[in-house]
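Everything on this sheet refers to the single structure shown next.
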Amino acid sequence: MNIIPISASAGITGFESPAAEYTQLPCNLDQLLVEHPSSTFIGKACGDSMEGVGIFDGDLLIVDRYVTATHNDIIVANFNGEFVCKQLDIRRRLLMSANDKVLPVVINDFDNFTVEGVVIRSIRCHRPSHLLSES
């Protein structure tokens, strides 16, 4: 894959030709985005509870099961039978949202809670893809 680095900020009216700094990196998207291929899966974010950390409804989440979750990591977890994407507050045993409208959730001893993996990357698709359709 050829990668053309383009530096562009919001509100610009133009930028130099991308061909002026054409570069080919010696790797592909898998190598750029996935650190542990055998323990990585891709999920799709649903809802607006993680918008404060840049994860929006429909974004793709690259989740690594090899990585050990640490305090304040963004994780995918199974919480009482439901898959959730939250920020993990280990010290207070809370699942935190990145949206002020959504309250933290306490992880009690009686809850069925397992960390499925750490979100190491998120990807926003700006056009629909037939590969991601839910039909």
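Fair warning: this is a prediction, and the values are worked out from it, not measured in the lab. When reading the values below, keep in mind they use all heavy atoms of this one structure, side chains included, and skip hydrogens, waters and symmetry mates.
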Applying salt bridge (Lys or Arg N to Asp or Glu O under 4.0 Å), which residue pairs with at least one partner in residues 100-112 are found, sequence neighbours left out?
Arg93-Asp109
Is there a path of hydrophobic side-chain contacts, each under 4.5 Å between heavy atoms of I/L/V/M/F/W/Y residues, joining Ile120 to Phe41?
no
For residues 45-54, which side-chain donor-acceptor pairs fall under 3.5 Å, sequence neighbours excluded?
| residue | atom | partner | partner atom | Å |
| --- | --- | --- | --- | --- |
| Ser49 | OG | Lys86 | NZ | 3.1 |

Under a 4.5 Å cut-off applied to non-hydrogen side-chain atoms, are Leu61 and Cys85 in contact?
yes
Heavy atoms, side chains only, cut-off 4.5 Å: are Ile75 and Val119 in contact?
no
In short, ring-ring contact (aromatic ring centres under 6.0 Å, His included) pairs touching residues 43-76 with sequence neighbours left out are His36-Tyr66
Identify the two heavy atoms, one from His126 and one from Arg124, that lie closest to each other, and give their separation to 0.1 Å.
CD2-O, 3.6 Å
Thr68: partners by side-chain hydrogen bond (donor to acceptor under 3.5 Å, both in side chains), with sequence neighbours left out
none
Rounded to the nearest 0.5 angstrom, the OG-CD1 distance for Ser97 and Ile55 is 11.0 Å
Output the rest of the hydrophobic cluster of Val106: all Ile, Leu, Val, Met, Phe, Trp and Tyr residues reachable through side-chain heavy-atom contacts under 4.5 Å, sorted by chain and number.
Leu94, Met96
Look at the side chain of Ser129 and the backbone N and O of Leu131, then say whether any donor-acceptor pair between them is shorter than 3.5 Å.
yes
Within the 4.5 Å heavy-atom criterion, are Val105 and Phe79 side-chain neighbours or not?
yes
Taking side chain as C-beta onward, heavy atoms only, is Val115 less than 4.5 Å from Phe113?
yes
I need the Ile107 CD1 to Leu88 CG distance, nearest 0.5 Å.
5.5 Å
Please round to the nearest 0.5 Å and tell me the distance separating atom CD1 of Ile62 and atom OG1 of Thr40.
8.0 Å
Are side-chain heavy atoms of Ile123 and Asp59 found at a separation under 4.5 Å?
no
Provide the full list of salt bridge (Lys or Arg N to Asp or Glu O under 4.0 Å) pairs with a residue in residues 62-75, sequence neighbours left out, each pair given once.
Arg65-Glu116
Val118 vs Val63 side-chain heavy atoms within contact, under 4.5 Å:
no
Mark yes or no for whether Gln31, through its side chain, and Asn28, through its backbone, hold a donor-acceptor pair below 3.5 Å.
yes
Compare all side-chain heavy atoms of Cys125 with those of Leu60 and state whether any distance is below 4.5 angstrom.
yes
Just verifying a value: how many Å separate Asn78 CG and Thr114 OG1, rounded to the nearest 0.5 Å?
4.5 Å
Got a second to check how far Asn72's CG is from Ile74's CD1, nearest 0.5 Å?
8.0 Å
